[in-house]
Amino acid sequence: MNRRFMMILFVLLMGGIPLSGLPFIPGCPLHESCVRALRAEQRARRRAGNNRDRAGLVADAAHNINLGLAAGLDDLANMSRSPALTLKPALAYFGNFGDFDLYLGAFYTLIFTDPPPPPLPLQRGGLQETLGYNFLLGGSATLTVTLDNDNQFNFTGDENVPVDGGFYCMFANLEPSLTFTQDLSYGDVTAAIGLPVDYSDFINRAVIEDFGGANLGVDAYLTLGYNTSFGLGVQVTPRVWIRPDPEYGETELTLTWTAQSFYLSLTVSADALFREWDVEPYLAYTYKNWTFTGTVLFEGIGRTGTGNALVDAESGNSRMVITPSLGVRYRFQPGKRG
């Protein structure tokens, strides 16, 4: 399965940026921003203490709970039918315990179509967990070992499901990664490597109790990034598909800007031949404990599909998909007011 669905979008700026101004997106499968924001805040505290006062760092650990709701249109470019409305309530927790980072998220999505599929609207959901440990290398460098797991499920209403009852796993991904961050007086540089493993086929076969021929999908990526001390950041990520068919997969570029309560990002990814492109601008504004978000995903720019299912099936082409969404979340910290 294409890793693009999970990885597209965010790179968080690091070094001296107030945590309250960063976007937290509970339950979104693109939750890397939440985790990286936590690590940025953690590094800022360590730099302030020159990595010496470990007891104080643990006592000042960050714990945040997020409640969120996002609404969007699943495909604005499909003119052959009305775009489906999606509603996604979500709950997330991320915490920092000294050198240890933890993220837990859950979301549930309702998809309303016209006419609606009987007897209920499409229902999807997911769980996300991230465990990370940070090794301090002197006073300005950090080596982070991370294990991330994401699961997304379809529960009912989809006529194309491969198992009875409508339940199947759309995405199951286990990703170990290693990130090196060097703090500089004028920003920081990062380098990361990861090995995402897609095991959704094993879950689906477990539902029907048939494990014969279950397949793993394995990718690999290398990320290089630079973040300035005044709010601009850039990150480049080439990816390769290792299994089942080894090949160069895609290239992704993300630009970010953070200023006070605003966070903006622009992510552009291209396939191996640079013929099809995905573009996603994103904006978040934080006021006190509230964050308001807006994004539009342009997926498959350069595709030659017509939008007619029969014609595209015969030609093997597909059309561009446009998916806008708006969201709001409320963040509170246990033991703190406001």
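What you are looking at is a predicted structure, and each value in this text was computed from that prediction instead of being measured.
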Under a plain distance cut-off of 3.5 Å, with no hydrogens placed, do [Y] and [X] share a side-chain donor-acceptor pair?
| X | Y | value |
| --- | --- | --- |
| T142 | N134 | no |
| R331 | N289 | no |
| T223 | T237 | yes |
| T267 | T254 | yes |
| E280 | T295 | yes |
| T146 | D148 | no |
| Y108 | Q123 | yes |
| S140 | Q182 | yes |
| Y199 | N204 | no |

Do [X] and [Y] belong together in a cluster built from hydrophobic side chains that touch within less than 4.5 Å?
| X | Y | answer |
| --- | --- | --- |
| F292 | L283 | yes |
| L143 | Y133 | yes |
| V321 | L326 | no |
| Y248 | L273 | no |
| L127 | F202 | no |

To the closest 0.5 Å, what do you measure between [atom1] ([X]) and [atom2] ([Y])?
| X | Y | atom1 | atom2 | value |
| --- | --- | --- | --- | --- |
| Y285 | F262 | OH | CZ | 5.5 Å |
| Q128 | N151 | CD | CG | 9.0 Å |
| R124 | Q152 | CZ | CD | 9.0 Å |
| L174 | L216 | CG | CG | 10.0 Å |
| D188 | T181 | CG | OG1 | 6.0 Å |
| T190 | L224 | OG1 | CG | 7.5 Å |

Check your understanding: With sequence neighbours excluded, what pairs up with F180 under the ring-ring contact (aromatic ring centres under 6.0 Å, His included) test?
Key -> none

**Study point:** Worked verdict on F274 versus E250 for side chain to side chain contact (heavy atoms under 4.5 Å, CB included)
**Key:** CA-CA 8 Å; F274 291 88; E250 64 180 11; over 6 Å; no

Practice item. If the plane angle is over 60° it's perpendicular, under 30° parallel, otherwise tilted; pick one for F155 and F153. Key: tilted

Check your understanding: Which word best sums up how the rings of F97 and F100 line up, parallel for under 30°, tilted for 30 to 60°, or perpendicular for over 60°?
Key -> tilted

Exercise for review: Decide, yes or no, whether a salt bridge links D201 with R205 under the criterion of side-chain N to carboxylate O below 4.0 Å.
Suggested key: yes

